[in-house]
Structures are given as structure tokens and as C-alpha cells.
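Below is one structure, written out as C-alpha cells, with a few remarks after it.
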Amino acid sequence: MSQQEMTTPQKKRIFSGIQPTGVFTLGNYIGAVRNWGALQDEYESIYCIVDLHAITVMQEPAALRANTMRAYALMLACGIDPKKSVAFIQSHNPNHAELSWVLSCSTMFGELSRMTQFKDKSARHADNINAGLFTYPVLMAADILAYNADLVPIGADQKQHLELARNIAVRFNQRFGQTFTVPEPYVPASGARLMSLQDPTKKMSKSDENANACVFILDDKDTIMRKFKRAVTDSEAEVCYREGKDGINNLMTIYSCVTGKTMDEITAEFAGKGYGDFKSAVGEAVADHLAPVRSEFARLSADKAYLNECIAIGSEQAYRMTRKILSKVYRRVGFVDHK
Ligand code: AQP
């Protein structure tokens, strides 16, 4: 056997995170977490609950703690296997925050001012436009660069932040020598961007104040059916994907993501039928699709000892992976070695 055949090629490294700001929505699931599970065998995967990011908007401490534990259990229930992936809670690895400070000194004020999520969130939280909301993308860059991740699976809404992380990595490498891998976006084929059921021009968000705007992955079947029945559509009665039909386009996208059917197949299936039938079919399909996640979540939530053990192992792995990179960064920028 040749030398080349004997060495197994190193797997590419992938990183992503999700905020513990509430129960995951169908959007979070289809656009992000469902795909993470599918990537675990092919990539060296690192997934975390980003509680440091969550406090950029006001959080009630006890609720944040409970939400973080629930988000971790949900992540596993959605298919993340802690034996295959590094699965942890962001604040348990202090290297993210440490690296974020160094990177913030290589990030320009103007760059951060252009971030659309900052503009959106500061409009939504006008009473709390804190510096963390502004520097959030630097922390996100640190999350990724601390692991020298090759790939970042992201929804379309996060593209701008990843672009910034890439710019920071390139700038740092140019100034201090090759240190960081410049990460590439990984937009999964089935990673559609789902929109609010009540205002289909807005993305479906777990912190939306209108509970009917999103389907949460722990919603029971009756709730799911009710939310889809109330979904905003249009005054036509034609199930087809077309510009201007935002509500129907969104429902068709959802139906396609959970059934695997194409838009043409869906149009044919509902030809001559009313929106009522279509909405019921979408509700049924979503409820069936989410049923196994709900039961796995119930099983995991009853086993706190297992969850705590997974969290401890995950943070230890994450800390070790990032400490080496952070030490290199400290040497590069000129900090004296800590003996
Ligand atoms: N509507 C969506 N469609 C597809 N993907 C989505 N994601 C979020 N919403 C949708 C993807 O989910 C991942 C985790 O997101 P996050 O929780 O870290 O933050 P977010 O993007 O701000 O998600 P939310 O639900 O809108 O949270 P809040 O309401 O707290 O701000 C990301 O990969 C994201 O692309």
C-alpha cells in the first residue's frame, strides 16, 4: 500500500451554534439544526448553544438558564450525537470571549455599523441598544475562528456575519502571519429560509411576540394545526409558487421541506382544492415530521445526569481544541507567554 493510501484524509471541520432564546422554531430546525445531524459523519462537527449571544437582548436569568438546558436537550433530540460531535454550551468555553476581544481590535466600527441584523435588532429593542448587540458579529467570528473551522452551515440570514468573520480572518492573517482558516459558508440544499406565518415578509423567529407567527418544534399536533389554519395567505385560491404570493410560497416551502415533494408536485396535488385543504395538509405533514423529535426530547429531558455528562465532556473537548489556537493568537499579537 502506498503512503498516500495509508493516510486517511483529514475530515473538514464544521462549526455552528444556536441561541437559547426560546424553543427552536420550525425555521431553526429546517434551516439549521436538522442539517447539522446529517453532517456529523462527513465532517468533524462542533455545535453549541450560544448563551453569550443570547444576552445581547434582555433575558430573565432563571429563564435563560432553563432555556439553555432545554436548547441543549433539543439539539440532541434533533439528531446531534455527542459521541460524533463536540456539543457544548458556549459560556463553558471562555476561549470564545477571550478571542473575541482580540478580534474586536481587528474589526472596524464601520463594518459593524453595516450589519443588517444590528439595525433590525436595535429597531426591535430600542430601549436596549447595548454594545454587545453591536459587537455580536465579532463574537460570532471568534466562535468560528477559535476552531479554525473550514465550514459554517448557516441560514441565508447569517451570510453577512460570516462574510465579516472571513474578512477578520484575512486581515489578521495578513497582519500577523497565517493563523486562521478562512471559513466558507455551507448552505445546505434543504436549508430554506422560513417566514413568519403571520407576516410572510419577515423571517420566522423564536422571539417573535406573536405566538401564531411560528411553529415551535415542541408544539403539539393541535397547536400546529391551529397555527397553519390561521396562516396568512392571499385572496386567490391557487396553490402555486409565484412572486407576490409570499404566504403560499412559504407554506409550499415548508411542505416541500418536510415531504421532499417539489413545487410542481405540490401544485398538482392541490389543483382545484382550496387553501383550507392545503393548510391542513401542511399542518399534518409538519406534525408527523416533528413527532419523533418531541418524543426524543421527552426521553432526554428525563435523564438530567446524561445531559450534564454530555455537557461536561463537550466543554472539555471544546476548551482543548481552542486553547492551542488562542495561545498562538496571543503569541502572534505579542503577549508575553504565561508560564
Ligand atoms: N426562519 C428561519 N429559516 C431558516 N433558518 C433560520 N434560522 C433562524 N431562523 C430561521 C437559522 O437558525 C440558526 C440559529 O439561529 P439563532 O437562534 O442563533 O439566531 P437567529 O438566526 O436570530 O434565530 P431566531 O429564531 O430568529 O432567534 P431570535 O428570535 O432569538 O433572534 C441560524 O443558522 C439561522 O440561520
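We count ligands from 1, going down the list as the structure has it; atoms in each ligand are counted the same way. Heavy-atom basis, side chains included; hydrogens, waters and symmetry copies ignored.
Between Tyr136 and His161, the distance from one ring center to the other falls under 6.0 angstrom. Between Phe278 and Phe270, the gap from one ring centroid to the other is short of 6.0 Å. The distance between the ring centers of His96 and Tyr319 does not fall below 6.0 angstrom. Remark: aromatic rings of Phe172 and Phe180 are close, center separation under 6.0 Å.
Checking only distances, Ala32 never comes within under 3.5 Å of ligand 1, N or O to N or O. Considering both main-chain and side-chain atoms, Lys203 comes within under 3.5 Å of ligand 1 through a nitrogen or oxygen pair. The shortest N/O to N/O separation between Tyr136 and ligand 1 does not fall below 3.5 Å. An N or O contact shorter than 3.5 Å links Ser205 to ligand 1 by distance. Looking at ligand 1, you won't find any N or O of Ile18 less than 3.5 Å from one of its N or O atoms. Residue Arg124 has no nitrogen or oxygen atom sitting less than 3.5 Å from a nitrogen or oxygen atom of ligand 1, judged on distance alone. Polar contact with ligand 1: absent for Val50 (N/O pair, distance under 3.5 Å). For ligand 1, the polar-atom distance check finds no N/O of Arg193 at less than 3.5 Å from any of the ligand's N/O atoms. By the 3.5 Å distance cut-off applied to N or O atoms, Asp208 is not counted among the residues near ligand 1.
Which of Lys121, Met195, Lys202, His161 comes nearest to atom 31 (O) of ligand 1 through a heavy atom is settled by distance: it is Lys121. For atom 32 (C) of ligand 1, the candidate residues are Gln158, Lys159, Gln117; the nearest heavy-atom contact is made by Gln158.
Using a non-hydrogen distance threshold of 4.0 Å, Asn28 registers as a contact of ligand 1.
In this structure, Arg13 does not pair ionically with Asp150, as no charged nitrogen and carboxylate oxygen lie closer than 4.0 Å.
By the 30° and 60° cut-offs, the orientation of the rings of Phe109 relative to Phe134 is tilted.
At most 12 non-hydrogen atoms from other residues, nucleotides or ligands lie less than 6.0 angstrom from CD of Glu209.
For the pairing with Ile217, the side chain to side chain contact (heavy atoms under 4.5 Å, CB included) check across Ile224, Thr25, Leu74, Val286 returns one residue only, Leu74.
Residue Leu194 has at least one heavy-atom neighbour below 4.0 Å for each of these atoms of ligand 1: 1 (N), 2 (C), 3 (N), 4 (C). Proximity to Gly31 (heavy-atom distance under 4.0 Å) selects the following atoms of ligand 1: 4 (C), 5 (N).
Qualifying side chain to side chain contact (heavy atoms under 4.5 Å, CB included) partners for Ser16, counting only residues two or more places apart in sequence or in other chains: Trp36, Tyr47, Pro153.
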